[in-house]
Amino acid sequence: MHSLIRDGDAFGICHVACAQSETVELPLPRPRERRGSLVEYSRWKRFVEGKHVEAEDVDQTLLDSWKRCRNMGVDPAPRSCWDFAPMAQLEPFSTTLKRICTDIEATAYKSIRGQGLLITITNADARVARTCGDLDVLRQADRLNFGPGANWSESSVGTNAIGTALATGHPMQVFGEEHFCRSHHGWSCTAAPILDPRGNIWGCFDISGTADSDHSKNLELVLQATRALEQKLARVYCSELEGQMTSLFSSMFNSVTTGILFLNSAGRVTSANSIAELLLCSKGCSLRGRRADELFDFDTLLAKAKHDAMSDPVVLQCRVNPKLYVQAIPTFNSNGVWLDTIVSVSETQPFRHISIPTMKSGRNVSVQAETPKGFERVLHASPAMRQVIRQASNAARTLSTVLLTGESGTGKELFARGIHQAGPRAEKPFIAVNCGAFSEELVQSELFGYCDGAFTGAAKRGRVGKFQKADKGVLFLDEIAEMPLSQQVNLLRALEERAIVPVGGTTPRPVDVKIIAATNKDLQELVRQGRFREDLFYRLNVVGISIPALRARGDDILLLAKHHLRRLCTDFDIPFAGIAPDAEALLMSHDWPGNVRELVNCLEFAANNLFGEPLSVEHLPPYLQEKAVRAPGGAVKRQPSGFQLKKREEEAIRQALAFHQGNISKTAKALGIGRNTLYSKMDRFGIKFDDLS
């Protein structure tokens, strides 16, 4: 007994747990004496014979259980359990149970040894997974088929502590004649459900024995053991989650096409992916342990960190190769202490004075030499794109709200960041929010923050919202059309008053932010449909900027194709040999419904098929190859100028779906569009899976 109490001291007696880490006291039965049945045999007999039993004669919880058993057709006559399942069906419960119960079970057994009692642990379905007790009581239990795999739910064996505790979610004691089945009247049992970290019932812990055994301490033992099991189960869940997250992070860390390094507070490299190793050190060498100031102008970051909160990355000069583009951003703990630094490394992108000879015209395509500040990463040569960049650059100078519209994959976030960098707030925070990523209940707390105790599960000291994080800087509201209609009025009020009220607060807090919103939807049409507030639309659409689709950008297609293929070849460590004339013609003739995102995905597909030769039609995805119209001699011709754009888009989607055998995720990735966009386009064109062959 003493050992179990020491193990359970930190847990207390009360059986508690829930998904939000709150303490919820469950109703506990009063500990019973040696026998302690609260029901006379005559009362039980009247009930099973279908006669009326007064509520005051039988505890309500017990009476409710009896009624459930009668409604389920459980036979109250003497019977044993005949519902068994193979132990293999109890996996992975049994495996987890072995990890957490050994010492708890052993300690509990020391407290009941020699007292005619046994310990039983079941899963959430009341299937017995483990039993432990003295030999004589185990033999008596065998006569009731009370062993591994047995179903001890109410529907199988009537009212009992295990089945009723699982049915009600509360600890239970069922003594003697309180059992629904006559064959169990010689037994008394005490059980409590085991809850997982989310508050769901995971299993049940039970101590049972003959009715003449001493059960006075069993409730305390069961509750202590159950609480200890819940603590260990929580640690197992956390360990498994940590392992999953570590595996996911490792996969992502080593699959991106950008060099990533982590620096500790002393400025030394703690880890780096393969791309960073390739860009910054010779083959066979490692970056781990090297000082950051050997690789970058680290003093720039140190000086920068002393003066602001470092919401945006800082561009550093690379000392190993000045042509590399390096950005760094520190991470801080809740007290503002600088912990680590994340550094990204990529090849410098040749934004200016790029000349690409095109096979079809024999002329060069050149990027404008004077790209406005902030938009250097928007690779372009077309007049349409040049005009949009000029408009965005002008809008960056003022506090006016900007609404970016354009198809998916046109680069709306790239423009938003360009507006931030081109304006007077370039050194202040840029906070991006995906309005479609939050549930209706969380939008307000994410945007405006919340005060201490604003709602269940809220942080003790409250939390700052996105508006306050972006104070003096830029707040980018992406996918604004996805914001729930019920929450749009709160955003409108914040834009009009330039102040926010955190959830649970009453005092407005002024905020100074430049708003940039973006959407690929027709907001005016949504207004007409009543799905978007008209007043919010006009508040957002102060400076409307429409980003052109890739098909409207002319020779930008080849400019982007050359640039991204060169980058991918470098990332994949394969020679870049250019693009063959037939592939250039095909790339120029395609409509690119997924815009730049689709183009990059197609080039990545092709790069995986290259071995140092120029990219040709045969290297491109099959749905593009099928669009090639060949003239005599093998040349690829453009399709007739009178084509219908929507028809070609429909054809591309059908071909991609057929190639990927109807897999929506793979098809959307190949087309460079989101899954929801693909579903929408399929619905618009009447494309059904039955049509694909």
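In this chain, residues are counted from 1 in sequence order. Only this structure's heavy atoms are used, side chains among them; waters, hydrogens and symmetry mates stay out.
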Please identify each residue that fulfils ring pair (Phe, Tyr, Trp, His ring centres under 6.0 Å) with Phe476, with sequence neighbours left out. none
Does a side-chain heavy-atom distance below 4.5 Å link Ile500 with Leu447? no
If the condition is side chain to side chain donor-acceptor pair (under 3.5 Å), which residues does Glu154 pass it with, not counting sequence neighbours? Ser65, Arg68, Thr164
I'd like to check the side chain to side chain donor-acceptor pair (under 3.5 Å) partners of Thr519; sequence neighbours left out, ordered by chain and number. none
N/O donor-acceptor pair under 3.5 Å between Thr667 side chain and Asn663 backbone: yes
Can you list the residues that meet the side chain to side chain contact (heavy atoms under 4.5 Å, CB included) rule with Ala85, with sequence neighbours excluded? Gln89, Arg127
Looking at every heavy atom in both Met72 and Ser155, which two are closest together, and how far apart are they? SD-CB, 3.6 Å
Gap between atom CD of Gln173 and atom OG1 of Thr61 - 0.5 Å precision: 12.5 Å
Would you sort out whether Ser156 and Cys81 count as a side chain to side chain contact (heavy atoms under 4.5 Å, CB included), showing the intermediate values? CA-CA 7 Å; Ser156 175; Cys81 177; 3.8 Å; yes
Taking all atoms of both residues into account, what is the closest heavy-atom pair of Ala124 and Ile201, and its distance? CB-O, 3.4 Å
Between the CZ atom in Arg268 and the OG1 atom in Thr341, the distance rounded to the nearest 0.5 Å is 14.0 Å
In sequence, state the C-alpha distance, the side-chain angles, and the governing distance for Gln468 and Val511, and then conclude on side chain to side chain contact (heavy atoms under 4.5 Å, CB included). CA-CA 6 Å; Gln468 286 180 275; Val511 287; 4.1 Å; yes
What one should report as the nearest heavy-atom pair of Glu230 and Pro193 is OE2-O, 3.9 Å
Are the side chain of Asn123 and the backbone of Ala126 linked by a donor-acceptor contact shorter than 3.5 Å? yes
Rounded distance [0.5 Å steps], CD1 in Ile515 versus CG in Leu475: 4.5 Å
Kindly indicate whether the side chain of Val345, heavy atoms from C-beta on, has any atom under 4.5 Å from the side chain of Leu280. yes
Would Leu90 and Leu97 count as a side chain to side chain contact (heavy atoms under 4.5 Å, CB included) if you check the C-alpha gap in whole Å, the side-chain angles of each, and the deciding distance to 0.1 Å? CA-CA 10 Å; Leu90 272 64; Leu97 184 61; over 6 Å; no
Looking only at heavy atoms, the pair that brings Pro429 and Ala470 closest together is CB-CA, 4.3 Å
State the CG-CG distance between Leu263 and Leu287, to the nearest 0.5 angstrom. 10.0 Å
So salt bridge (Lys or Arg N to Asp or Glu O under 4.0 Å) across residues 258-267, not counting sequence neighbours, yields none
Please identify each residue that fulfils side chain to side chain donor-acceptor pair (under 3.5 Å) with Lys232, with sequence neighbours left out. Asp103
Glu446 side-chain N/O to Lys466 backbone N/O, donor-acceptor pair under 3.5 Å: no
How many angstroms lie between OG1 in Thr122 and CG in Leu166, if you round to the nearest 0.5 Å? 5.0 Å
With a 4.5 Å heavy-atom cut-off, do Asn160 and Phe146 have their side chains touching? no
Any donor-acceptor pair under 3.5 Å from Thr331 side chain to Asp340 backbone: yes
Locate the shortest heavy-atom distance separating Ala292 from Phe298; write the atom from each residue and the value. CB-CD1, 3.7 Å
Find the distance between CZ (Arg99) and CG (Leu233) and round it off to the nearest 0.5 Å. 9.5 Å
Indicate yes or no: at least one non-hydrogen side-chain atom of Val326 is less than 4.5 angstrom from one of Val343. yes
Would you please name every residue forming a ring pair (Phe, Tyr, Trp, His ring centres under 6.0 Å) with Phe467, sequence neighbours left out? Phe448
Beyond-backbone contact of Asp64 with Thr168, side-chain heavy atoms, under 4.5 angstrom: no
Side chain Gln487, main chain Pro484, donor-acceptor under 3.5 Å: no
Side-chain atoms of residues 112-120: list all donor-acceptor pairs with protein atoms under 3.5 Å, sequence neighbours left out, distances to 0.1 Å.
residue	atom	partner	partner atom	Å
Gln115	NE2	Ser111	O	3.0

With sequence neighbours excluded, residues passing side chain to side chain donor-acceptor pair (under 3.5 Å) with Arg291: Asp293
Taking all heavy atoms of Asp571 and all of Ile275, pick out the closest pair and write down the distance. O-CD1, 3.8 Å
Mind checking ring pair (Phe, Tyr, Trp, His ring centres under 6.0 Å) for Trp187 and listing every partner two or more places apart, or none if nothing turns up? none
Checking Asn608 now: which residues fulfil side chain to side chain contact (heavy atoms under 4.5 Å, CB included) with it, not counting sequence neighbours? Phe572, Glu604
Could you tell me if the side chain of Ile121 sits less than 4.5 Å from the side chain of Cys101, heavy atoms only? yes
Which residues satisfy the ring pair (Phe, Tyr, Trp, His ring centres under 6.0 Å) test with Phe605, sequence neighbours excluded? none
Is there a side-chain contact between Trp202 and Thr96, using heavy atoms and a 4.5 Å cut-off? yes
Decide side chain to side chain contact (heavy atoms under 4.5 Å, CB included) for Ile431 and Val513; before the verdict, give the C-alpha distance in whole Å, the side-chain angles of both, and the deciding distance to 0.1 Å. CA-CA 10 Å; Ile431 303 297; Val513 294; over 6 Å; no
Should His184 and Cys189 count as side-chain neighbours, where that means a heavy-atom distance under 4.5 Å? no
